Enquirer: 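Dumping the structure here so I can ask a few things about it.
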Amino acid sequence: MTNREIAKILHEIAVYLEMDNESFKPRAYEKVADVIDGLEEETADIYKRGGLKALQEIPGVGASIAEKIEELIKTDHLSYYEKLKEKKPIDLSSFNGIEGLGSKSILKLYKELGIKNLNDLEKAVKRGDIRKLEGFGEKSEENILRGIEFVKRSGGRFVLGFIMPQVRVIEERLKKLKEVEKIVVAGSVRRRKETIGDVDILVISKNSKPIMDYFVGMKEVARVYARGDTKSAIKLQSGLDVDLRVVAEKSFGAALNYFTGSKDHNIELRKIAREKGLKLSEYGLFKGKKQVAGKDEEELYRALGMEYIEPEMRENFGEIELAKKKRLPKLIGYSDIKGDLQIQTNWTDGVNSIEEIVDAAMKAGLEYIAVTDHTKRLAMTHGLDEKKLIEQGKEIDRINKKLEKKHIKFKVLKGTECDILKDGTLDLSDWALSKLDVVGVSVHSYFKLDKKEQTKRIKKAIENPHIDILFHPTGRIIQRREAYKIDVDEIIKAAKETGTVLEVDAFPDRLDLKDEYIKKCIENEVKIAVDSDAHSINHLSYLECGVAEARRGWATREDVINAWPVEKMLKFLKN
DNA sequence: GCCGTTTTCGGCCCGACTGTTTTCAGTCG
């Protein structure tokens, strides 16, 4: 049983307990569900390793929940949960994402109308049964209908890197309004989560009416949920929900903090405030009635006795403890990347020539790139064999000479994205690999091998002394493809032993490695490389998404080899 | 149900909005 499955059951137990008007138990289950969902190690492995005792070391897990998890792991069943479900046989998960429907409403719908799932709900809405219920009305009915549509369509989330340009356009437009004194996009966009559900924008203004008028009247607005003087909410034609809030200058920091989240991070901060006899809300930090901080975030964190915490770290994964001790890492900056070590050109499946990419990379402020086209095994991309690779090397020599002549300091490196074959051997000869500056390897086939075999395959590949970087190490594609089954800890260990760099592929729906694994690399002193995996010059801008993910994994400039000058980076790869 | 510079009981984050009411429960972030 996976963490996700365990978390889902615990979450549903919480909902059932809420239905029974239990006051604090639901929160206990809810909390553990969240913790387990975010756990790196499989709970089943934790149990295997240390039994009930180890389970109880998971934050929020006590004797009672530990036993329930044990039962789940051992038998794939939980009698406690099944009894609850027997009493109220409702498909709770089908109601996820229908905004405004919590446990109490779901219970009412079940009791009064016998609604057990989304299908029943849709039928009841269409019959007009919902509005007749006490406590429900036309508006509720409309909301439910909209929720059903939403859930059916998208599951409700967008890949941040793909939707970001749209967010920026709106931000820029609002910024230009003369009534807007300050504007920040908060929420999960500011924390740079991989996917987002909606966008929260905060502005300071003394005259909000024209701003709100403009906001709800934009051409791509599909629907206006609310239009007030302090808050408006819209849905864009793309399906993205955007909220705009106007806050007072003296509360801006507190509001920004509050609307940036994460929720867990905020809860911790509020607890700390309470311990100090203070009260934290989105209006500020208060001692009694008196505001002691909240104008900006720096001041707020200082008043709580800690360092400023970058938004990308605010997940309550230990950042607050470090901030208290004033020992937060200095995260890599968005303009620290000096080179890009994975780029495909029109020699294989990229669309641009090497020279076009060099040109674009220079304009983007880079100092070097590695050309890393696919190898022959990927026939559909016309992958390069040894002979073509040598030809390409000559072309790169020519371009470098040309740059030198013009006294341009930019450097093009010879590289490859060499295929890892099924047995862990490589698609190019050692002789060919030894001629290259940057050797990346990656898996593009046999995704379904079992965990042991897949791990062994990748380990074998990176044990080849010519290998520098393992590209997109887990192979996941967000919202489309699961990661291959591999033991990431084993791979990190092998990378440490062989001096292999692990990549953070910056493509918005890859972000591979993801944040939690990046954090693990850094804890184990394994270096990472943030690469665009560009297949066209337009993709170079995705480097930003990779840096964001690296920051979410607490990476500093020292951890990222392509944030280093080219000489230092190459010297590191040689050793 | 969990947790403890409050160790075996008492407290658990906070405020606002929504839709339905006629003072509030439910939901959300």
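In what follows, chains carry the letters A, B, and so on, assigned in the order in which the sequence lines appear, proteins first and then strands, with residues in each chain numbered from 1. Quantities reported herein were computed from a predicted structural model and do not represent experimental measurements.
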Enquirer: Where the side chain of A/Tyr283 is defined as all heavy atoms beyond and including C-beta, which of B/dA16, B/dG19, B/dC13 is the nearest nucleotide?
Expert: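 Nearest to the side-chain atoms of A/Tyr283, counting from C-beta on, is B/dA16.
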Enquirer: Taking any heavy-atom pair under 4.0 Å as a contact, classify A/Lys108: base, sugar-phosphate, or nothing.
Expert: nothing
Enquirer: Closest to the A/Arg27 side chain: B/dG1, B/dC13, B/dT20?
Expert: B/dC13
Enquirer: For the side chain of A/Ser281, counting heavy atoms from C-beta on, which of B/dT27, B/dG29, B/dG15 is nearest?
Expert: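 For A/Ser281, the side-chain atoms sit closest to B/dG15.
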Enquirer: Could A/Lys514 and A/Asp512 be called an ion pair, given the rule that one side-chain N must be under 4.0 Å from one carboxylate O?
Expert: no
Enquirer: Restricting to pairs with a member in residues 279-294 of chain A, which pass side-chain hydrogen bond (donor to acceptor under 3.5 Å, both in side chains), not counting sequence neighbours?
Expert: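 Non-adjacent pairs meeting side-chain hydrogen bond (donor to acceptor under 3.5 Å, both in side chains): zero.
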Enquirer: For B/dC2, is there a stacking contact with A/Phe24, counting only centres under 5.5 Å and planes under 30°?
Expert: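 No, A/Phe24 does not stack on the base of B/dC2.
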Enquirer: Could you give the NZ-to-P distance, from A/Lys231 to B/dC17, as a whole number of Å?
Expert: 8 Å
Enquirer: Would you indicate which nucleotide in B/dT20, B/dC13, B/dC12 comes nearest to any side-chain atom of A/Lys271?
Expert: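 Within the option list, the nearest is B/dC13.
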Enquirer: Please classify the nucleic acid contact of A/Ala63 as base, sugar-phosphate, or nothing, using heavy-atom distances under 4.0 Å.
Expert: sugar-phosphate
Enquirer: Quick one: A/Glu134 CD to B/dA25 C1', roughly how many Å, whole number?
Expert: 11 Å
Enquirer: Looking only at atom C1', what distance separates B/dT18 and B/dT22, rounded to whole Å?
Expert: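 It comes out at 16 Å once rounded to the nearest Å.
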Enquirer: What interatomic distance, in whole Å, is found between P of B/dT7 and the corresponding atom of B/dC17?
Expert: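 The answer is 40 Å between these two P atoms.
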Enquirer: Taking only the side-chain heavy atoms of A/Lys279 (C-beta and beyond), determine which of B/dC13, B/dG15, B/dG1 contains the nearest atom.
Expert: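 When the side chain of A/Lys279 is considered, B/dG15 is the closest of B/dC13, B/dG15, B/dG1.
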Enquirer: When you check the phosphate oxygens OP1 and OP2 of B/dC12, does a side-chain N or O of A/Arg274 lie under 4.0 Å from one of them?
Expert: yes
Enquirer: Which of the following nucleotides, B/dG15, B/dT27, B/dT20, is nearest to the side chain of A/Tyr258?
Expert: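 The listed nucleotide nearest to A/Tyr258's side chain is B/dG15.
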Enquirer: Under 4.0 Å, heavy atoms only, any strand: does A/Ser23 hit a base, just the sugar-phosphate, or nothing?
Expert: nothing
Enquirer: Please report, rounded to the nearest Å, how far the C1' atom of B/dG1 is from the CD atom of A/Glu22.
Expert: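 Whole-Å distance recorded here is 9 Å.
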Enquirer: Once you round it to whole Å, what is the distance between P of B/dC24 and NZ of A/Lys104?
Expert: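 That distance rounds to 16 Å.
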Enquirer: Rounding to an integer number of angstrom, what distance separates B/dC9 and B/dG15 when you compare their C1' atoms?
Expert: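 29 Å, rounded to whole Å.
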Enquirer: Establish, from distance only, whether the side-chain atoms of A/Tyr301 and A/Asn257 form a donor-acceptor pair under 3.5 Å.
Expert: yes
Enquirer: Would you classify A/Asn143 as touching base, sugar-phosphate or nothing, given that sugar-phosphate means primed atoms plus P, OP1 and OP2, and contacts are heavy atoms under 4.0 Å?
Expert: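 A/Asn143: backbone/sugar contact only, no base atoms under 4.0 Å.
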Enquirer: Side chain of A/Asp336, backbone of A/Ile332: donor and acceptor closer than 3.5 Å?
Expert: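 It does not hold such a pair.
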Enquirer: When the C1' atoms of B/dC14 and B/dT20 are compared, how many Å lie between them, rounded to an integer?
Expert: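 That atom pair is separated by 23 Å.
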Enquirer: If you look at every strand shown and take non-hydrogen atoms under 4.0 Å, does A/Val61 touch a base, only sugar-phosphate, or nothing?
Expert: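 Answer is sugar-phosphate: A/Val61 comes under 4.0 Å of backbone atoms only.
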Enquirer: Checking all strands, does A/Glu138 fall into the base, sugar-phosphate, or nothing category for heavy-atom contacts under 4.0 angstrom?
Expert: sugar-phosphate
Enquirer: NZ of A/Lys31 versus P of B/dC12: gap in Å, rounded?
Expert: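 Atom-to-atom, A/Lys31 to B/dC12, this comes out as 14 Å.
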Enquirer: Below 4.0 angstrom from OP1 or OP2 of B/dG19, is there any side-chain N or O of A/Ser140?
Expert: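 Checking A/Ser140 against B/dG19: no side-chain N or O falls below 4.0 Å of OP1 or OP2.
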Enquirer: When you measure from the side chain of A/Lys25, which nucleotide among B/dA16, B/dG1, B/dG19 comes out closest?
Expert: B/dG1
Enquirer: A/Arg190 pairs by salt bridge (charged side-chain N to carboxylate O under 4.0 Å, His left out) with which of A/Glu297, A/Glu312, A/Glu171?
Expert: A/Glu297
Enquirer: Please work out whether the ring planes of A/Tyr80 and A/Tyr29 are parallel, tilted or perpendicular, with thresholds of 30° and 60°.
Expert: parallel
Enquirer: Given B/dC13, B/dA16, B/dG19, identify the nucleotide with an atom nearest to the side chain of A/Glu282.
Expert: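 My answer, after comparing the listed nucleotides, is B/dA16.
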Enquirer: A/Leu240 versus A/Ile196: any side-chain heavy-atom pair under 4.5 Å?
Expert: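 A/Leu240 reaches A/Ile196 side chain to side chain.
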Enquirer: Looking at B/dC13, B/dT27, B/dT20, which one has an atom nearest to any side-chain atom of A/Lys263?
Expert: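 Selected nucleotide (nearest to the side chain): B/dC13.
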Enquirer: Mapping A/Lys139 and A/Gly102 onto DNA chain B by nearest heavy atom, which one lands closer to the 5' end?
Expert: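 Between the two, 5'-proximity favours A/Lys139.
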Enquirer: Is the closest side-chain donor-acceptor distance between A/Glu71 and A/His77 under 3.5 Å?
Expert: no
Enquirer: Taking atom P in both B/dT27 and B/dT21, compute the distance separating them and give it to the nearest angstrom.
Expert: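 Rounded to whole Å, the distance is 15 Å.
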Enquirer: In whole Å, measure the gap between the C1' atoms of B/dT6 and B/dG11 for me.
Expert: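 It comes out at 10 Å once rounded to the nearest Å.
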Enquirer: Counting the atoms with a prime plus P, OP1 and OP2 as sugar-phosphate, which does A/Ile267 contact under 4.0 Å by heavy atoms, base, sugar-phosphate, or nothing?
Expert: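 Result for A/Ile267 = base.
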Enquirer: Report the residue (A/Ser103 or A/Arg270) whose heavy-atom-nearest nucleotide on DNA chain B is the more 5′ of the two.
Expert: A/Arg270
Enquirer: Can you check the distance between B/dC3 and B/dC13, where both ends of the measurement are the P atom (answer in whole Å)?
Expert: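 It works out to 13 Å between them.
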Enquirer: Counting only Watson-Crick or G-U wobble pairs whose two distances fall under 3.5 Å, which nucleotide matches B/dC28?
Expert: B/dG15
Enquirer: CG of A/Leu269 versus C1' of B/dG29: gap in Å, rounded?
Expert: 15 Å
Enquirer: Atom CG of A/Asp264 and atom P of B/dC14: how far apart are they, to the nearest Å?
Expert: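 My rounded result for the distance is 15 Å.
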Enquirer: In this structure, how many angstroms lie between the P atom of B/dA16 and the CG atom of A/Leu280, rounded?
Expert: 13 Å
